[in-house]
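Just follow the structure's listing: the first ligand is 1, and inside any ligand the first atom is 1. Bear in mind the structure is a predicted one, so any value in this text is a computation, not a measurement.
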Amino acid sequence: MLSVVPTPITVRVPAKVNLHLSVGDARPDGYHELVTVFQALSLTDDVTVVAADDPAIEVKGEGADEVPTGPENLAWKAVRLLAEHCGRDPENPGVRISINKGIPVAGGMAGGSADAAATLQAVNQLWRLELGRDELSELAGKIGSDVPFSLQGGTALGTGRGERLVPVLARHTYHWVIALDREGLSTPGVYGELDRLRADNGNGRIGEVEPLLEALASGDPRQLALLLGNDLQSAAVSLRPGLRRTLRAGVQAGALAGVVSGSGPTCAFLCTDSDEAVRVAAELSGAGVCRTVRVAHGPVPGAKVVSEEPAHRPTPPQVHA
Ligand SMILES: C[C@@](CO)(OP(=O)(O)O)[C@H](O)COP(=O)(O)OP(=O)(O)OC[C@H]1O[C@@H](n2ccc(N)nc2=O)[C@H](O)[C@@H]1O
Ligand SMILES: Nc1ncnc2c1ncn2[C@@H]1O[C@H](COP(=O)(O)OP(=O)(O)O)[C@@H](O)[C@H]1O
């Protein structure tokens, strides 16, 4: 009898930073209406899926210990949703998933969303579903507000919960220094803290998004730096006061500007060019204000298949007796 060696599929997927994150009031469903500009950065996770009788998930790399491997893992949610969508058994999807994390966990850089997006893309190919971009994006939005952007990548304007996207013209590659904190922050916790701060003292709001879109079209990082803004920053700083020091240290080290990424606690610093980013990263890493520092650039593409190789390549062919 002939059996086919299962072919694993690996998808690489980027982190994101919010260049602009304007948060409206809480809606009746508990979500906040957003106007945000996402940019996909070159910190990535790799997600590999392979057909297997015993479904399982394994997580390696940056912060792997903090990532659940059960049904709460967003990659599992993606597999179950796709199985339901195409009439397979969601309890027994016959897929094994391996995640190699380079995106900080609970860092406000959409790592879990990235893994869900990568899994949608990979399983779409594994099961030869041929779902198009719009259909995958609709499924992505059911998993989490950030998941459609992780699929799409680039630079995009997000509205609604953040799931409705329009691509944005970004003329330039931007160079970032990313400061990772010692411990994550909970996204609902940070939104809740913002509501509390606003109820207590009417906490200020960042301005309109149009000037930032113009700065992106001009391609001038100095202009963009002046316009980075995040309504969640005050809430993240309120929960993690040490971030104030981190933000100051990045600018003192020579970054054009710094901003808390999404719900934090990761801070992103925009630099004039790649050499300057390396220099700022070295100085910031010596300042003792964060766990570790990375250099990244953006925009980069969204979730993308990077390999479709045989799992164990004994010697070709892929079919054995
Ligand atoms: C803050 C942002 C900014 O891009 O990113 P992160 O910092 O998490 O990466 C996002 O809004 C996070 O999106 P995501 O992490 O996908 O959130 P979801 O799973 O959809 O929602 C988790 C919880 O966050 C809160 N939430 C999320 C999105 C939104 N527009 N309003 C909200 O209030 C709700 O409490 C919700 O229950
Ligand atoms: N594949 C995954 N990778 C990382 N975290 C995950 C994943 N699936 C579920 N989670 C959970 O989601 C929480 C938020 O993680 P993450 O998406 O990395 O951060 P953020 O929402 O701040 O961008 C984590 O604390 C973890 O418990």
Please could you name the atoms of ligand 2 that [X] approaches to less than 4.0 Å, counting only its heavy atoms?
X    : answer
G107 : 19 (O), 22 (O)
V105 : 18 (O)
A110 : 23 (O)
M109 : 23 (O)
E72  : 9 (C)
P68  : 9 (C), 10 (N), 26 (C), 27 (O)
K101 : 3 (N), 4 (C)

Answer yes when [X] and [Y] have at least one side-chain N-carboxylate O distance shorter than 4.0 Å, and no when they do not.
X    : Y    : value
D273 : R279 : no
R96  : D54  : yes
R12  : D46  : yes
E62  : R291 : yes

Whether G108 lies under 4.0 Å from ligand 2, heavy atom
yes
So is G184 close enough to ligand 2, meaning a heavy atom under 4.0 angstrom away?
no
Under 4.0 Å to a heavy atom of [X] - the qualifying atoms of ligand 1, by number:
X    : result
S145 : 13 (O), 16 (O), 18 (P), 20 (O), 28 (C)
S263 : 1 (C), 6 (P), 7 (O), 8 (O)
D146 : 2 (C), 4 (O), 5 (O), 6 (P), 9 (O), 10 (C), 12 (C), 13 (O), 16 (O)

S261 versus ligand 1: do any nitrogen or oxygen atoms come within less than 3.5 Å of each other?
no
For atom 21 (O) of ligand 2, which protein heavy atom lies nearest, and how many Å away is it?
T187 OG1, 3.2 Å
Between [X] and ligand 1, which part of the residue brings a heavy atom under 4.0 Å of the ligand: side chain, backbone, both or neither?
X    : result
Y191 : side chain
T36  : neither
K16  : side chain

Structural part of N73 in contact with ligand 2, heavy atom criterion under 4.0 angstrom:
both
N/O of L74 under 3.5 Å from N/O of ligand 2, yes or no?
yes
Nearest heavy atom to [atom] wins, so pick from [options].
atom                    : options               : value
atom 34 (C) of ligand 1 : A236, G30, G184, G141 : G30
atom 15 (O) of ligand 2 : G112, A64, A106       : A106
atom 2 (C) of ligand 2  : I143, D115, D45       : D115
atom 23 (C) of ligand 1 : P265, P188, G264      : P188

Which atom pairs, one a donor and one an acceptor, fall under 3.5 Å between side chains of residues 99-116 and the rest of the protein, sequence neighbours left out?
from : atom 1 : to   : atom 2 : distance (Å)
K101 : NZ     : D45  : OD2    : 2.5
K101 : NZ     : D115 : OD2    : 2.8

Please report whether atom 26 (C) of ligand 2 has a protein non-hydrogen atom at a separation of less than 4.0 Å.
yes
Counting only heavy atoms on the protein side, is anything nearer than 4.0 Å to atom 36 (C) of ligand 1?
yes
Pair D275-H175, side-chain donor/acceptor within less than 3.5 Å
no
